[in-house]
Number of protein chains: 2
Amino acid sequence: MNHIQVKIEINPDLYLKNPDSSELGRKIVNQSITMINELGFETFTFKKLGLKIESPESSIYRYFENKHSLLVYLVSWYWSWTEYRLAFATTNIVSPKERIIKAIEILTKPVLIDNSFSYINEVLLSEIIFSESIKAYHTKNVDEENKKGFFKAYKNVVKRISNIILELKPDYVFPNMLISTVIEGAHQQHFFTNHIPSLTDKVNDDNSIPTFYTELIFNILK
Amino acid sequence: MNHIQVKIEINPDLYLKNPDSSELGRKIVNQSITMINELGFETFTFKKLGLKIESPESSIYRYFENKHSLLVYLVSWYWSWTEYRLAFATTNIVSPKERIIKAIEILTKPVLIDNSFSYINEVLLSEIIFSESIKAYHTKNVDEENKKGFFKAYKNVVKRISNIILELKPDYVFPNMLISTVIEGAHQQHFFTNHIPSLTDKVNDDNSIPTFYTELIFNILK
DNA sequence: GCAAAATTGATAGTAATACTATTATATTTG
DNA sequence: CAAATATAATAGTATTACTATCAATTTTGC
């Protein structure tokens, strides 16, 4: 994967000017990822970002309508990239069981190695997804933004995996519910582990969240 | 349940002045529930609430530090009340299976009938919980607030149900993860049904979310 | 029943946020 | 190299999230 340069396609409605098309745009995306991680999404502002990249706030507004749009952009980027990772990891594997196992691993573990894209740190981006992505759609404008296709990449991932579920259990009626529960659940359990540990379980095993969700899926499938 | 007046105890750190102790306090809580439902949490402000209850914004600040604290108060109230509902619904039932079924129903269905507390509309409050409660802990100050016990009521509920899980499967290592996944998952699936339906499953059955989570639990337990 | 204490109302004010607008200066590109 | 485009520098506005002050009202304790 390291040496193949893949271009992640982003819905143009997610930005005012493509950040991928200029030095400044790439700096905005790159530094916003670091800053959102450092400050948390609510404390992060375009003013602070402007100071960091030494460009005026108003220049950032030429790329993104506001910080919410930037978050939606990042989330969308992550899911497009993850769909590519999933395709790559599961292709040529005949057994649907094996494919599910690989997929669940990709969906429930934060990214640990940053290797493919120059100006996007995937490790930090995945941390944002795990801790902040829910804020991208938990807003008053969900319906409108959903209509505009802002969550398409995420939906594609859910669909792709629920199709594997249906290969194994064609009559199963809740494949999407199952997969979105697993994805969102894994994000939340990571958050709980770090912040409200009594809502989760401490096991002498760093892999307990993927283990839990893999078991959960196979219990339902059998 | 209708005629028993139960007092819900709230951690005094959750307010500056007990809203239950005065007319104004009760009005603040009562009207904030309506307004958060109407406007969504981010659009809701103390200024707007003040206009509605015809009291100055500054008076509201004498009860709650800010709107975040008010949300945490409401969430805490809901979970204390729900622990009482759970205790009431499961007491005297010998079979842990039966108790789990009752509990999952209470945790995964929004409240439909408002009957017990005078100035708190439980139907509207439950809607807030389903759509906004995640915002109560997904903040930069979780750790600090968790230390102060702000999420105690929620944790108690999770613990109570995971204890029933352990009755049925004493060696199960992920009881808390299972229950918090079910609770949070049910909230999210309701949100998805209303706003991003392709992340969930449309079944000709209004009860599909409780059904899904009940099946999920019994699949794991067997 | 009344003085003291506590609560609320009315009003003003501040710092930060989330933008929008304008114009000059740089940079790119046909 | 001129024209178009992008960026910098700066200013300004409405709203939010508070804090402060003091007068009016209500509650309470003797």
Side-chain angles (χ1 to χ4, degrees), chain A residues 12-32 35-36 38-74 119 132 135-136 138-141 144-145, chain B residues 12-32 35-36 38-74 119 132 135-136 138-141 144-145:
Chain A
D13 288 351
L14 288 172
Y15 48 74
L16 297 173
K17 182 173 151 62
N18 192 348
D20 195 39
S21 72
S22 77
E23 188 59 33
L24 179 60
R26 289 185 292 268
K27 250 163 82 182
I28 288 169
V29 170
N30 175 276
Q31 287 302 307
S32 71
M35 284 193 96
I36 292 172
E38 277 167 6
L39 304 174
F41 184 64
E42 10 286 315
T43 318
F44 165 79
T45 68
F46 276 3
K47 187 164 199 177
K48 290 173 188 165
L49 178 58
L51 284 169
K52 185 136 180 188
I53 63 174
E54 292 178 296
S55 276
E57 204 185 349
S58 50
S59 294
I60 303 168
Y61 277 103
R62 283 200 222 88
Y63 286 85
F64 294 101
E65 242 184 277
N66 47 50
K67 72 172 179 173
H68 167 73
S69 309
L70 172 55
L71 180 65
V72 176
Y73 175 90
L74 293 176
Y119 68 96
E132 317 272 5
K135 295 168 191 168
H138 244 286
T139 64
K140 262 283 132 171
N141 306 318
E144 195 190 319
E145 297 187 350
Chain B
D13 288 351
L14 288 174
Y15 49 75
L16 297 172
K17 181 172 152 60
N18 192 347
D20 195 40
S21 71
S22 76
E23 189 58 34
L24 178 61
R26 288 185 292 269
K27 250 163 81 181
I28 289 169
V29 170
N30 175 276
Q31 287 302 307
S32 71
M35 284 194 94
I36 293 172
E38 279 168 6
L39 304 175
F41 184 64
E42 11 285 317
T43 318
F44 165 78
T45 67
F46 276 3
K47 187 164 201 180
K48 290 173 188 166
L49 178 59
L51 283 169
K52 185 137 179 186
I53 64 174
E54 293 177 297
S55 276
E57 205 185 348
S58 51
S59 293
I60 303 168
Y61 277 103
R62 289 203 202 87
Y63 285 85
F64 295 100
E65 242 183 277
N66 47 50
K67 71 173 182 172
H68 167 74
S69 309
L70 171 56
L71 180 65
V72 176
Y73 175 91
L74 293 176
Y119 68 95
E132 317 273 4
K135 295 169 191 167
H138 244 286
T139 66
K140 262 285 131 170
N141 305 317
E144 195 189 318
E145 297 188 350

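This is a predicted model, so every value here is computed, not measured. A, B, ... follow the sequence lines: proteins, then strands. Residue 1 opens every chain.
A straight line from CZ of A/F64 to P of C/dA18 spans 16 Å, rounded to a whole angstrom. Separating the CG atom of A/L51 from the C1' atom of C/dA16 is a distance of 13 Å, rounded to the nearest angstrom. The CD1 atom of B/I60 sits 17 Å away from the P atom of C/dT7 (whole-angstrom rounding). Atom P of nucleotide C/dC19 and atom CG of A/L49 are separated by 14 Å, given to the nearest angstrom. When the P atom of C/dT17 is taken as reference, atom CD of B/E42 falls 17 Å away, rounded to whole Å. When rounded to the nearest whole Å, the span between CZ of A/F44 and C1' of C/dA16 equals 16 Å. Between B/K27 atom NZ and C/dT8 atom C1' the separation is 11 Å, expressed in whole Å. In this structure, the CD atom of A/E57 is 14 Å from the P atom of C/dA16, given to the nearest Å.
B/K67 comes within 4.0 angstrom of sugar-phosphate atoms only, judged by non-hydrogen atoms across all strands, and of no base. Residue A/E65 is in sugar-phosphate contact alone, with no base atom involved, counting any heavy-atom pair closer than 4.0 Å across all strands shown. If you check every strand for non-hydrogen atoms under 4.0 Å, A/Y63 touches sugar and phosphate atoms only.
Screening B/Y73, B/F46, B/F44 for a side chain to side chain contact (heavy atoms under 4.5 Å, CB included) with B/S32, the sole residue that qualifies is B/F44. Residue A/F64 forms a side chain to side chain contact (heavy atoms under 4.5 Å, CB included) with just one option from A/L16, A/I28, A/L14, and that option is A/I28.
For the atom pair CZ of A/F41 and CG of A/L39, the computed distance is 11.5 Å after rounding to the nearest 0.5 Å. A/M35 CE to A/L51 CG: the interatomic distance, rounded to the nearest 0.5 Å, is 8.0 Å.
When each of B/R62 and B/N66 is assigned the nucleotide of DNA chain D with its nearest heavy atom, B/N66 is the one assigned upstream, toward the 5' end. Of the residues near DNA chain C, B/S58 and B/K17, the one whose nearest nucleotide (by heavy atom distance) lies more toward the 5' end is B/K17.
The backbone N or O of B/T43 sits less than 3.5 Å from a side-chain atom of B/K48, completing a donor-acceptor pair. A side-chain donor-acceptor contact under 3.5 Å links B/K67 to the backbone of B/E42. Put simply, the side chain of A/K135 gets close to the backbone of B/H138: a donor and an acceptor are under 3.5 Å apart.
Taking the screw axis at each terminus of the helix from C/dG1-D/dC30 to C/dG30-D/dC1 from five consecutive base pairs, the angle between the two is 30° to within rounding of 10 degrees.
Heavy atoms only, all atoms of each residue included: A/R62 and A/K17 are closest at O-CB, 3.4 Å. Heavy atoms only, all atoms of each residue included: B/I60 and B/G50 are closest at CD1-N, 3.5 Å.
Contact between the side-chain N/O atoms of A/T45 and the OP1/OP2 oxygens of C/dT17 is not found at any separation under 4.0 Å. Taking 4.0 angstrom as the limit, A/Y61 places none of its side-chain polar atoms (N or O) nearer than this to OP1 or OP2 of C/dA21.
Using a 4.5 Å cut-off on side-chain heavy atoms (C-beta onward), A/D20 and A/V29 make no contact.
Note that the first and last nucleotides of DNA chain D, 5' to 3', having any atom under 4.0 angstrom from a heavy atom of chain A are D/dA6 to D/dT10.
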